[in-house]
There are 2 protein chains.
Amino acid sequence: MAVCAALADDEVAELEKIMTSRNLVPDEMLVSEGDPLRRVYSLTAGVLRLSIALPDGRRQITGFLLPGDYFGLADDDVHSATAEAIGAVQLCSFTTRDMQALMERFPKLKDRLHAFTRMALRQARDNQVMLGRLTPVEKLASFLLTLSMRAAEHKLSANPLSLPMSRTDIADYLGLTIETVSRSFTKLRNTGLIQLPEPHIVELVDNRGLQAVAGMDFH
Amino acid sequence: MAVCAALADDEVAELEKIMTSRNLVPDEMLVSEGDPLRRVYSLTAGVLRLSIALPDGRRQITGFLLPGDYFGLADDDVHSATAEAIGAVQLCSFTTRDMQALMERFPKLKDRLHAFTRMALRQARDNQVMLGRLTPVEKLASFLLTLSMRAAEHKLSANPLSLPMSRTDIADYLGLTIETVSRSFTKLRNTGLIQLPEPHIVELVDNRGLQAVAGMDFH
DNA sequence: CGAGTATTTGACGTATGTCAATCGGAGTGG
DNA sequence: CCACTCCGATTGACATACGTCAAATACTCG
């Protein structure tokens with residue numbers, strides 16, 4: 001488990017003592033916006049989506065969590081986002097109280113969580129650039145590249161890339177409609193940058209070309 | 001200084017020993033994307049804009065920092081954003097090395113900085129909702145309300161609200177063009193929600209109405 | 001294999017971007 | 001003190017990319 005990488009074996013043992021496992025079925029809600037923050041979680045399998053909803057039903061997905069990712073970093077006493085399973089999810093959880101106590105005993109753990117939070121902050125800011133300044137095709141290219149990179153980091157297949165989330169989820173993540181997402185997929189396919197053997201499987205044919213489209217190359 | 005609120009008097013004295021003051025003239029750049037991270041900063045006067053640029057010149061402003069805000073929270077060894085002064089700015093700085101040492105001596109300080117980072121993360125996520133799912137008028141209403149709230153928190157005038165940044169800055173923050181920003185200002189003025197005695201001074205006439213427009217009311 | 005749902009594609013309208021002109025205020029010099 | 005210039009903000013006219021509504025297609029799962 002990624003959070004534990006900074007701990008010695010006996011410390012990991014301590015962690016496991018206070019840990020609880022839990023499984024989620026597809027689309028099951030883990031926590032809802034406004035819920036009191038009682039537990040923090042670490043993903044062991046599956047993908048989680050974090051979202052914030054507007055009163056009229058519009059929704060923004062702020063991120064997808066992959067196995068090894070940690071959930072509960074941002075908030076103090078109330079969850080500011082909803083977390084739902086995409087497909088089957090396996091995770092372990094700790095009460096905030098236990099986690100607090102453990103962090104006092106193992107300062108390395110606290111430092112590591114802080115580092116995670118800062119990485120999440122950098123990701124959120126990159127997302128702001130994506131949402132505010134990229135065109136739909138650029139957004140999609142950027143999304144595919146980022147997801148592929150993260151998949152690799154998490155030891156999942158990076159190139160025939162699997163997209164467990166629906167087009168609606170992708171649209172709500174990129175700030176678009178599903179139609180525009182779909183058309184952007186077709187554009188990337190027609191320009192030979194990707195292949196779509198199935199709607200939820202993407203092959204990144206021309207990685208460099210995708211980076212150019214994503215507005216991330218430096219020429 | 002906000003960072004020091006958790007420290008006792010003698011601890012503040014320690015902080016002041018390693019602190020350096022600095023002034024910036026309008027539009028002066030404090031750090032640029034990619035610069036090595038050597039110092040961290042705390043704003044004492046003025047406003048700072050944080051931005052990320054795309055290779056082709058497009059720019060996204062990820063946030064405005066007010067007096068009391070802290071800069072350098074997100075990054076490890078390289079700055080991921082550019083920081084520039086809007087108007088005259090006064091700030092104090094510490095080397096990352098000194099700050100590190102101080103955090104080891106005063107764990108409360110470390111906790112406080114961590115809390116700041118988490119707040120910044122929540123803000124960044126709220127911004128994602130704004131950028132991805134709000135219409136231009138909604139974006140502007142939301143921006144004015146948020147800025148007004150933060151101004152109040154930072155003991156600045158919340159209601160005749162001063163907007164030190166240019167329309168271009170606002171546009172790059174909201175993910176719009178300056179023309180659309182300007183038109184959105186006139187719409188809010190014409191519907192009686194705000195008054196604009198000067199382009200850089202806004203009066204929030206109908207706070208509740210603004211919240212409704214910002215998509216932040218819960219009816 | 002069939003029903004239901006997700007995705008893609010098409011036709012069309014409109015909100016926002018683009019390009020261009022006007023207005024207004026700040027600073028400068030006569 | 002007033003005119004001139006310059007730059008930022010506003011307004012206008014127009015184009016187009018994206019959203020909306022609707023139909024067709026392709027998957028998924030019983």
Side-chain angles (χ1 to χ4, degrees), chain A residues 25-27 49 54 56-61 86-88 130-141 143-144 162-191 194-202 213 215, chain B residues 25-27 49 54 56-61 86-88 130-144 161-191 194-202 213 215:
Chain A
V25 299
D27 287 321
R49 73 172 160 253
L54 292 171
D56 63 1
R58 282 176 290 181
R59 185 181 72 149
Q60 176 67 36
I61 291 182
I86 296 178
M130 182 276 280
L131 287 165
R133 285 302 178 215
L134 296 191
T135 65
V137 211
E138 291 172 339
K139 284 179 176 181
L140 185 58
F143 169 66
L144 294 176
S162 113
L163 303 175
M165 65 291 288
S166 69
R167 294 294 191 261
T168 305
D169 285 342
I170 299 179
D172 283 347
Y173 178 72
L174 301 179
L176 302 169
T177 61
I178 55 172
E179 293 93 335
T180 303
V181 169
S182 185
R183 284 185 240 273
S184 303
F185 267 114
T186 320
K187 276 183 196 163
L188 290 180
R189 181 165 48 68
N190 289 345
T191 51
I194 65 169
Q195 273 185 295
L196 275 174
E198 304 171 32
H200 291 270
I201 308 277
V202 195
V213 170
Chain B
V25 299
D27 286 320
R49 72 170 161 255
L54 292 171
D56 64 0
R58 281 175 289 180
R59 186 180 70 150
Q60 176 67 37
I61 291 182
I86 296 177
M130 183 275 282
L131 288 164
R133 285 301 178 216
L134 296 191
T135 66
V137 210
E138 291 172 339
K139 285 179 176 181
L140 185 59
S142 152
F143 169 66
L144 294 176
L161 180 65
S162 115
L163 303 174
M165 66 291 288
S166 70
R167 293 294 191 262
T168 305
D169 286 341
I170 298 179
D172 283 347
Y173 179 72
L174 301 179
L176 302 169
T177 60
I178 55 172
E179 292 92 336
T180 303
V181 169
S182 187
R183 283 185 240 275
S184 302
F185 266 114
T186 28
K187 274 182 198 163
L188 289 181
R189 181 166 47 68
N190 289 344
T191 51
I194 64 169
Q195 274 186 293
L196 274 174
E198 305 171 33
H200 292 267
I201 307 276
V202 195
V213 170

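The sequence lines fix the lettering, A, B, ..., with proteins before strands; numbering per chain opens at 1. Remember, predicted model here, so these are calculated numbers, not experimental data.
Going from atom CG of A:Leu163 over to atom P of D:dT28 covers 13 Å, rounded to whole Å. With rounding to whole Å, B:Leu140 atom CG is found 13 Å from C:dT16 atom P. Rounded to whole Å, atom C1' of C:dG17 lies 15 Å from atom CG of B:Leu174. Atom CD1 of B:Ile86 and atom C1' of D:dG8 are 15 Å apart (whole Å).
Here the side chain of A:Gln60 pairs a donor or acceptor atom with the backbone of A:Asp172 at under 3.5 angstrom. With hydrogens and angles ignored, the 3.5 Å screen pairs no side-chain donor or acceptor of B:Arg49 with any backbone N or O of B:Tyr173. For the pair B:His200 (side chain) and B:Ser162 (backbone), a donor-acceptor distance under 3.5 Å is absent.
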N/O donor to acceptor pairs below 3.5 angstrom from side-chain atoms of residues 176-183 of chain A, sequence neighbours left out:
from, atom 1, to, atom 2, distance (Å)
A:Thr177, OG1, A:Thr180, N, 3.3
A:Thr177, OG1, A:Thr180, OG1, 3.0

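Of all heavy-atom pairs spanning A:Met165 and A:Ile170, the tightest one is CG-CG1, 3.6 Å.
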**OP:** Produce a footprint string for nucleotides 9-20 of chain D: one letter per nucleotide, 5' end first; B if the base is under 4.0 Å from any protein heavy atom, S if only the sugar-phosphate is, - if neither.
**Re:** SBBBB----SSB
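Atom CZ of B:Phe185 is separated from atom CG of B:Leu144 by 5.5 Å, given to the nearest 0.5 angstrom.
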